[in-house]
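Reminder, nothing fancy here: chain letters follow the sequence lines and each chain counts from 1. Small disclaimer: the values here were computed from a predicted structure and weren't measured.
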Amino acid sequence: MAVEIKAIENAIRVIKIEIDPVDQKRLHGELNRFLDWLESLEAVDTAGVEPIRFGHNVVNSLRDDQAAAGDLKEVRKAAPNFDDGFYMVPPIIE
Amino acid sequence: MNYFDLTAVKAAEAVNNKEISARHLIENILEHCIDLNKKLNTFTYIAGTEALEHADSVDQKINSGYSMPLAGVPIAIGDNIAYKEMPAGLGSGAFRDYKPPFSAAAVEKLIGAGAVVIGKTNTGDMGIALNKALSPAGPALNPWNINRISESAGAAALAVRQCMLILESDSEGALRQGAATCGVFGLRPTPGRISRYGLNICSGSFDQVGLAAAAVADVSLAFQAVVGYDERDILTSVSRESRVKSEPGKIPNEIKLAFSPESFDLIDPISAEKLSQFRERCSSHGFILVETPLKLLNNALKAFYVITYAETSSTFARFDGIRYGRAAEADNLEDLYYKTRRLTFGHEAQRRSVFGTYLLSKGNFEHYYQQALKVWSLVKQEFAETMSNCDFLVLPTVKSTALKESEDSDFLKLLDEDIFTAPVTMTGLPSLTLPAWRENNFPAGIQLIGHPFSDEMLINIADIIKAEIEYPVPGNSEGEAG
Amino acid sequence: MSYEVVIGLEVHVELHTQSKLFCACPNRFVPDPNVNTCSVCLGFPGALPRLNSEAVSLALLASLALNCEIASISYFDRKNYFYPDMPKGYQISQYFEPIGRNGHIDIEDDRGELKRICIGRVHMEEDAGKLVHSLAGDASMVDYNRAGVPLIEIVTEPDLRSSGEARRYLEKLKGILEYVRVSDCKMEEGSLRCDANISLRPMGSTILGSKTELKNMNSFKAVEKSLEHEIRRQKKILDSGSHVITQTLRWDDNSQQTIAMRGKLQAHDYRCFTDPELAPIELTEAEIEKARSSLPEMAEARACRFVKEYGLPDYDARVLTASRSMADYFENCLKLYDNPKLVSNWVMGELTARLNSTGLDIEQCAFLPDHLAELLNMVDENVISGKIAKDVLDKSFEKGKSPRQVVEDEGLLQISDQSELETVIDVVIAGNPESVDNYLGGKTKAIGFLVGQVMKETRGKANPQLVNELLVKKLQEQQSQH
């Protein structure tokens, strides 16, 4: 069953990207085709198969608890709006 | 001396022996690079004086008695990999002027070995493969066939000797595919052999830093320079353990090569014919051939995309215009998010964000995402069984080398192009693409896939197999790009 | 109608580590914004998280101290939502497999009977930054100092039945966490934070009513008060036949009421999935047992032992063991001065009074357990009087000098020299004929006044017992002369 355009609208609200209605429509069509494409994946018999939780062959890769100063100066240079020690954002309207 | 016939190995030798200066080499390469870039658009940034100054410092070291494995070798880095001396565009309009606060671990290591960074190679939207995602800089073209977009700009650059080594990311297989269609060697290493620190990761399960060169000896040299533990990437902890395979046997008749019957069905007929011939050749070399079924390739590809979309949608949430990148003019916070993220992402990054969000949402999580994780487990099993019967697995890298107009292609068809590379990514096995044959004058490569941590063996075995094929540089003989 | 109150608490506790959860930035409060930040905790493209081993150890200890089952393998997951204080657009937490499950602690219910509160889960997660709104309301400012600080979240089952139980649970929990030294648990400073879920249901019903979530309670008192307020509010709503709306409320300390919160916390689909950038934590049975055996003797057990071993009253034992540092202080002092009750009196009395007035913690104070032992020994040896001892404590406490040093430096040695004291006594007798007459007239109590006068003359340094003896002797001599 095809999903409705609402699925795209909901996802956009969650992911917060401005997308034109034309592109939303395109994405809607593509999503339905993508989901059709996934049909054979859904049909794979995975009864009793454990999902992979972490794909890499590594466990317990831990760091010693040692504090060090970070790359503070360089990092700040990248900020588009930095003022008086703070990262600035426009007001939050709720 | 013709610099463009030099391999990295030979160039470093010449610089170390003071036959040529690093500065002279870099000067010539830069000129050549700039010239070809007008046509191929392989670079988004080409160094100027900074590379020359760097070359001078290499020469100084040589003059004061040092010798360096990559002395003066011109390298290029994907634009989604950080090098603090150059902008990192990330394949995004919002990062055109972004100077990363640090350099990638692999870049540091190459520079430490004497290499000189001459520029940043074009990457697709947010670092996604170029043939699937247009970058703000436009497509990079395949020098063998300028009607075709190169999956990897770096591979294209290598084919015309705009540089001698590249570092680029490989996830669904862009680097390997680019190497295959441009006629160069491309390595996706075992995860943990090369640090990912500094790579803008979209999908943590799959993205790796890979390297490519026009000669297999160059891949070997570069790999030795970048391999190893880096405390900043947890995956490299495996490089501290002695899991690395010992020196490989060199005699073909001690080596089992596996071929999968499915590969022949999934590629176009001409390629299938060539693959058969390639198999024959391996046999006549004395390799022991075995056949192995790989029934899950098709669903592995689908599982790969479900997982990679899901992870990417989450990873991209950090691009909010607050700490880095360009911030859109906005009246309020929501506005900032919507507008900044619009100017940060192209179509493909948008699609991955939206689809990934859909796939992870309530009701879809179990159905698609969890199912994909289970299929992933089956895929790992299938490949593990295959590898238990052989030393190396041979798979095609691309479905076809025939001309295609990627730009207008349907997105699903483009995903299908990854049917041999994305499943291999899921296994965590190292994979090296090497030139294998030619079709209508276009190069074609195959993938050699080894056991985990057998990266060095892969490179050595590729050296034996490649002896059969010699490639001219496009442009020098074909007159297509140069 | 009478209702049953159902409360569950979610407590966030900052782990007491040197560095943040996934990067080396210092984990300590600094007044300047964005000082404890780096490319990792700011979520820069190319930076990778690395898990702090000490945070894992502390989370494990806390889970064990709260009687949890420990997960042999646990993962980190991404909880996806946008807010400017969250650099990556997701919070790294343990959503699917917390490190600890099914724990409990015992408290007293409102009737004073023992009651078990079940702890559903203990999981690790990273803290968010802080958002400051500009006074003009035209912008918000983000401080990421706290972003990435390690937390554990401790979630109870809905087992609490009153605001009093909630407070006692928190007190007990705080005590335990302090005991195992995982956190300093300072609610005013935000190192312990509490959210409450609360609902009412008709007495006897087993179905949970619709709940509200309470936030922003910054003291135990505020928790108790806001719960009481919310119980009254919900009761009123239910009594009027309406329904309680499920929502998040903020406790406002000024107006002493709960206020509905806006924005950030609407119902969310967090699309949780395992973080592909963080390796799982695997704990072997041996590692878990090792951690368990490293747990300190907890407050209750220690108090019991203090009663049994040292013969202390229940009250003393409970007060002394309320904090691990104080109990340690007490026992360290006992090693050098074996009079438990006397040490207890001094620790609970004089020392605690000075700690309270200076606002110092016992482990910060310069007056060490061996100092107290030394002080008490000097009193026993008649080197100083009990009264002088308190002055010595003051000086020693203030300056960190040993009591013996203080006594020497300040000339506070007790006067036990007979002839020196006799001179003073003669003066006092001569100067107070009335008291002398009273004494001689049979009012033996008058001796107290005369002793006091001698002490005054010697500024407390006289050995009071000796003064008493000498006075009696002198007065008797006078009587026989008459």
Side-chain angles (χ1 to χ4, degrees), chain A residues 3-4 6-19 27 31 34-35 38 41-42 46 49-94, chain C residues 17-20 22-28 32-42 44 50-57 73 75-76 80-84 89 96-97 129 131-134 137-144 262-264 268-269 271 274-276 278-283:
Chain A
V3 299
E4 291 172 15
K6 222 170 159 354
I8 297 289
E9 291 164 359
N10 286 342
I12 289 173
R13 228 184 344 266
V14 169
I15 211 75
K16 299 189 196 292
I17 309 172
E18 190 175 86
I19 298 177
L27 284 171
L31 178 62
F34 180 66
L35 297 180
L38 293 182
L41 178 72
E42 294 169 63
T46 53
V49 178
E50 278 297 309
I52 288 193
R53 290 293 303 280
F54 183 69
H56 298 290
N57 208 6
V58 176
V59 289
N60 293 346
S61 195
L62 302 169
R63 173 179 63 82
D64 288 342
D65 182 25
Q66 272 165 1
D71 42 3
L72 201 58
K73 254 210 217 121
E74 290 86 351
V75 153
R76 286 181 175 185
K77 280 187 209 150
N81 292 301
F82 192 81
D83 188 24
D84 201 21
F86 286 100
Y87 290 89
M88 305 300 291
V89 291
I92 299 167
I93 295 170
E94 285 154 357
Chain C
T17 56
Q18 294 300 310
S19 61
K20 288 187 178 180
F22 299 115
C23 64
C25 282
N27 173 18
R28 62 176 153 78
D32 293 336
N34 292 302
V35 172
N36 293 342
T37 56
C38 73
S39 48
V40 177
C41 57
L42 293 178
F44 266 66
R50 291 179 294 144
L51 180 59
N52 183 340
S53 57
E54 180 65 7
V56 177
S57 304
I73 182 158
Y75 297 85
F76 284 99
N80 296 286
Y81 67 95
F82 284 89
Y83 208 63
F96 295 105
E97 271 104 23
L131 203 60
V132 185
H133 301 285
S134 76
D138 56 348
S140 297
M141 305 177 294
V142 200
D143 172 11
Y144 292 108
R262 299 161 298 167
K264 184 177 179 180
H268 257 120
D269 179 359
R271 292 159 289 127
T274 304
D275 194 324
L278 285 160
I281 306 167
E282 244 180 48
L283 294 166

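A distance of 8.5 Å separates CG of A/D83 from CE of C/M141, quoted to the nearest 0.5 Å. Interatomic distance, CG of C/D275 versus CZ of A/R53, reported as 11.0 Å (0.5 Å rounding).
In this structure, chain A has a heavy atom under 4.5 Å from the side chain of C/R271, while its backbone stays farther away. Contact of A/D84 with chain C is made through the backbone alone, with heavy-atom distances under 4.5 Å. Only the side chain of C/L131 comes within contact range of chain A, with at least one heavy atom under 4.5 Å from a heavy atom of that chain. At a 4.5 Å heavy-atom cutoff, the contact between C/I281 and chain A is made by backbone and side-chain atoms alike. Neither the backbone nor the side chain of C/C41 has a heavy atom closer than 4.5 Å to any heavy atom of chain A.
Within 6.0 Å of the CD atom in A/E9, the count of heavy atoms belonging to other residues, nucleotides or ligands exceeds 12.
Scanning both residues, A/V59 and C/A279, for their nearest heavy atoms gives CA-CB, 4.0 Å. The minimum heavy-atom distance between C/F82 and A/I15, with the atom names listed, is CZ-O, 3.6 Å. Contact detail for C/C38 and A/V75: the closest heavy-atom pair is C-CG2, 4.2 Å. Contact between A/F54 and C/P280 at its shortest, heavy atoms only, is CD2-CD, 3.5 Å. Minimum interatomic distance between A/H56 and C/P276 (heavy atoms only, all atoms of both residues): CD2-O, 4.2 Å. Here the closest non-hydrogen pair linking A/P91 and C/S140 is CA-OG, 4.2 Å.
The shortest distance between side-chain heavy atoms of C/S53 and A/D64 falls below 4.5 Å.
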Does the pair A/N10 and C/D269 meet the rule for a side-chain contact (heavy atoms from CB on, under 4.5 Å), with working shown? CA-CA 11 Å; A/N10 286 342; C/D269 179 359; over 6 Å; no

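Looking at A/R76, its side chain does come within 3.5 Å of a backbone N or O of C/N34 through a donor-acceptor pair. Between the side chain of C/D32 and the backbone N or O of A/G85 there is no donor-acceptor pair closer than 3.5 Å. Side-chain N or O atoms of A/R63 include one that pairs as donor or acceptor with a backbone N or O of C/R50 at under 3.5 Å.
Looking only at heavy-atom pairs under 4.5 Å with chain A, the residue among C/T37, C/N52, C/D143 that has the most is C/N52. Residue with the most contacts toward chain A among C/N36, C/L283, C/L278: C/L278 (heavy-atom pairs, distance under 4.5 Å).
For the side-chain contact (heavy atoms from CB on, under 4.5 Å) with C/V56, the qualifying choice from A/N60, A/D65, A/L62 is A/L62, the only one to do so.
Remark: A/Y87 pairs with A/F82, C/Y144 by the ring pair (Phe, Tyr, Trp, His ring centres under 6.0 Å) rule, at least two apart or across chains.
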